[in-house]
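Written below as structure tokens is the structure these notes are about.
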Amino acid sequence: MTDSFSLLGLLVSLLTPWLFGGLLLRRWLGRGWHWALIAGHGFLLGYLLITVVMRLWDALGLKLAFWPIVGMLAVMAGVLLGLKRGAQDQDGVLANTPQEASRSPRVLKLGAVLLLGLAAVHWLSAVWEIVQRPLYPWDAWSAWVPKTVQFFHARSLDFELVTIGAKHAETVNVIHLWSMLGTGVSAHPLLQLPWAMAFLALLLGVFGHARHLGFSVPVAALTCYLVSSLPYVGIHAALAGYADLWVLLAFSLSVMALSLRDRRLIWVVPLYIVACVSIKRAGVGMAGILLLCLLAPRMWFGLKALRRQLETPRSRQLLALLGGEVLIVAGLVIFVGMTFRVPLPGLAPLEISGNIVTLSWAGVYELNYEPIWEPLWQNLYLSANWHLLYYLLPVGIVAVVVTRHWSLVRQPLVVAPLLGLVFGASFHALVQPWAAYDQTGLTRALMYSAPGLVLWLVLVVLTLSRAPGSHSSEPGLQRA
């Protein structure tokens, strides 16, 4: 290979997302937010903004070039630094202040250092796996990366050789391309380091959100370690080239942001919803779940208003008529084979004909239910993918119901991941049972929910360990 590897370009390509995304989020949120939360979100926001800039650059007909784009980002960062925050903006407040943390016993401080050290070992293990070998996953080097290599040599987002990766969106390809443009080469183990950085961003996000949920530093460190030790998450951090880790990062950060109920941080969720859709087709389901959780409070008030409107006899008759029409249409679609079309703004319509569902932007799916209880049981309770997570989850749910801490039941940390589990299992039972029986697609679908559920279980233990009746002081109920 005649291309020379640029170590400086690699460092700049890895640091630019952290710096630019972190600066943007810091200017938006204000002071008082934990640095780990800023870093976790800033990494993903930075990469998403870089992909947008690169797409716009390509749309203007310009050849993709690393240093000019870096220069433009530097100018944008300078403008952000020059802007003053409005006086009406309020700063975030940590649930546990540094003064409270300083009064922790020394043994707990040492325990926190040890746990963070163990989490760092898990992260460094993924880094070591990446740098020791070239691109490893077969569908990465046979499908995803060849598309990115074409981008690199053409210096544009055009490709001629169609691969499996062409079926998915291009966000992860553009992220990988950013490293190629920085280093000047299209094949090198260090090009896969963004996946290790995504794993690190997840751990930082968990630690920062845990602090804002009211966790002490030792407990936040424990939570960070528990997430880092999930075997299958660590595997996907080391198996660079897959898109699943990026879906997991966007979904997990969204769930954690929703859990804080802060009106400023909540604005990252719509961006992550778009990111989930633009990363992989599996992210469409996760995006739908996030959208539902984002709109749920407004939908609840809307349902209350609708209920008041339906109290008249005429309204009930209209509702019964509407329900009958829905049943008739469903019968015609299922039993007669009539095609039912739902127009979608800006997209091709959703078509349902019998057991065929057509989404031109996400594929054609034939719905044929097959029971997957056995592979699902094996995955959750017999494999080593999740340690004890799914043994402890039912225990946590029962404990919350028995003690009637209903605020924990409404937490997005558990609602969104549980919906993710249901969606993943239902999709494989209806569409891809073969991917459940060989544990490939099913395991990936279950992975997206794992970090949020770990954080929720720690929140449950902290809440139930407090004095009975102290619901008002439950962790996670105060604004950040």
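We count residues from 1, following the sequence as given. What you see is a predicted model, and the numbers here were worked out from it, not measured in a lab.
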Report yes or no: do H41 and Y272 form a side-chain donor-acceptor pair below 3.5 Å?
yes
At their closest point, which heavy atom of L245 faces which heavy atom of A198, and how far apart are they?
CD2-CB, 3.9 Å
Within a 6.0 Å radius of atom CH2 on W128, are there more than 12 heavy atoms belonging to other residues, nucleotides or ligands?
no
Run L294 and I266 through side chain to side chain contact (heavy atoms under 4.5 Å, CB included) and show every step you take.
CA-CA 8 Å; L294 183 64; I266 210 74; 3.8 Å; yes
CG on L45 to CZ on F20, rounded to 0.5 Å:
10.5 Å
Supply the atom-to-atom distance L191 CG to I130 CD1, rounded to the nearest 0.5 angstrom.
11.0 Å
Using the rule side chain to side chain contact (heavy atoms under 4.5 Å, CB included), only one of F152, W195, W144 pairs with H176; which is it?
W195
Report the distance from atom SG of C224 to atom CG of L203, rounding to the nearest 0.5 Å.
4.5 Å
Could you report the tightest heavy-atom contact between L446 and Y390, atom names first, then the distance?
O-OH, 3.5 Å
Is there a side-chain contact between W386 and N379, using heavy atoms and a 4.5 Å cut-off?
yes
Under a 3.5 Å cutoff, is there a donor and acceptor pairing between the side chains of D244 and Y448?
yes
Main-chain N/O of L239 paired to E129 side chain as donor or acceptor, under 3.5 Å
no
Do the side chain of S259 and the main chain of P412 share a donor and acceptor less than 3.5 angstrom apart?
no
Give a yes or no on whether the backbone of T183 and the side-chain of S6 come within a donor-acceptor separation of less than 3.5 Å.
no
Check the angle between the aromatic planes of W246 and Y47 and answer parallel, tilted or perpendicular using the 30° and 60° thresholds.
perpendicular
Tell me if the aromatic rings of H209 and W33 count as close, with their centers under 6.0 Å from one another.
no
Strictly distance-based, threshold 3.5 Å: is any side-chain N or O of R264 a donor or acceptor partner for the main-chain N or O of L29?
yes
When the aromatic ring centroids of F207 and H34 are compared, is their separation below 6.0 Å?
yes
Rounded to the nearest 0.5 Å, how far does OG1 of T463 lie from CD of Q411?
8.5 Å
For the rings on F199 and W123, is their centre-to-centre separation under 6.0 Å?
no
Are the side chains of L418 and F423 in contact, using a 4.5 Å heavy-atom criterion?
no
The test is side chain to side chain contact (heavy atoms under 4.5 Å, CB included); show your working for L453 and L421 and say whether it passes.
CA-CA 11 Å; L453 291 176; L421 294 179; 4.1 Å; yes
Do L213 and L413 touch side chain to side chain, with heavy atoms closer than 4.5 Å?
yes
Which of L260, L258, L253 passes side chain to side chain contact (heavy atoms under 4.5 Å, CB included) with L265? Answer is L260
Do L190 and F5 have side chains that approach each other closer than 4.5 Å (heavy atoms only, starting at C-beta)?
yes
Decide if the gap between the ring center of H387 and the ring center of Y232 is smaller than 6.0 angstrom.
no
Exercise: identify the closest heavy-atom pair between A287 and V277:
CB-CG2, 3.6 Å
For I372 and A425, which heavy atoms make the closest approach, and how far apart are they?
CD1-O, 3.3 Å
Just how far is it from atom CG of L177 to atom NZ of K147, taken to the nearest 0.5 Å?
11.5 Å
Could you state the interatomic distance from OG (S156) to NZ (K63), rounded to the nearest 0.5 Å?
5.5 Å
At their closest point, which heavy atom of V247 faces which heavy atom of G283, and how far apart are they?
CG1-CA, 4.1 Å
Please examine the side chains of L249 and F43, heavy atoms only from C-beta on, and report whether any two atoms are closer than 4.5 Å.
yes
Quick one: ring pair (Phe, Tyr, Trp, His ring centres under 6.0 Å) partners of W456, sequence neighbours excluded?
none
What about the rings of Y391 and Y381, do their centers lie closer together than 6.0 Å?
yes
Any side-chain heavy-atom pair of R211 and T223 under 4.5 Å
no
If you take all heavy atoms of V415 and C293, which pair is closest and at what distance?
CG1-SG, 4.4 Å
Please work out which of the three classes, parallel, tilted or perpendicular, describes the rings of W178 and F66, given edges at 30° and 60°.
tilted
Using side-chain heavy atoms (C-beta onward) and a distance below 4.5 Å, is V414 in contact with L408?
no
Is a side-chain N or O of Q192 found less than 3.5 angstrom from the main chain of P189, in a donor-acceptor match?
yes
Would you call H212 and M256 a side-chain contact if the rule is heavy atoms closer than 4.5 Å?
no
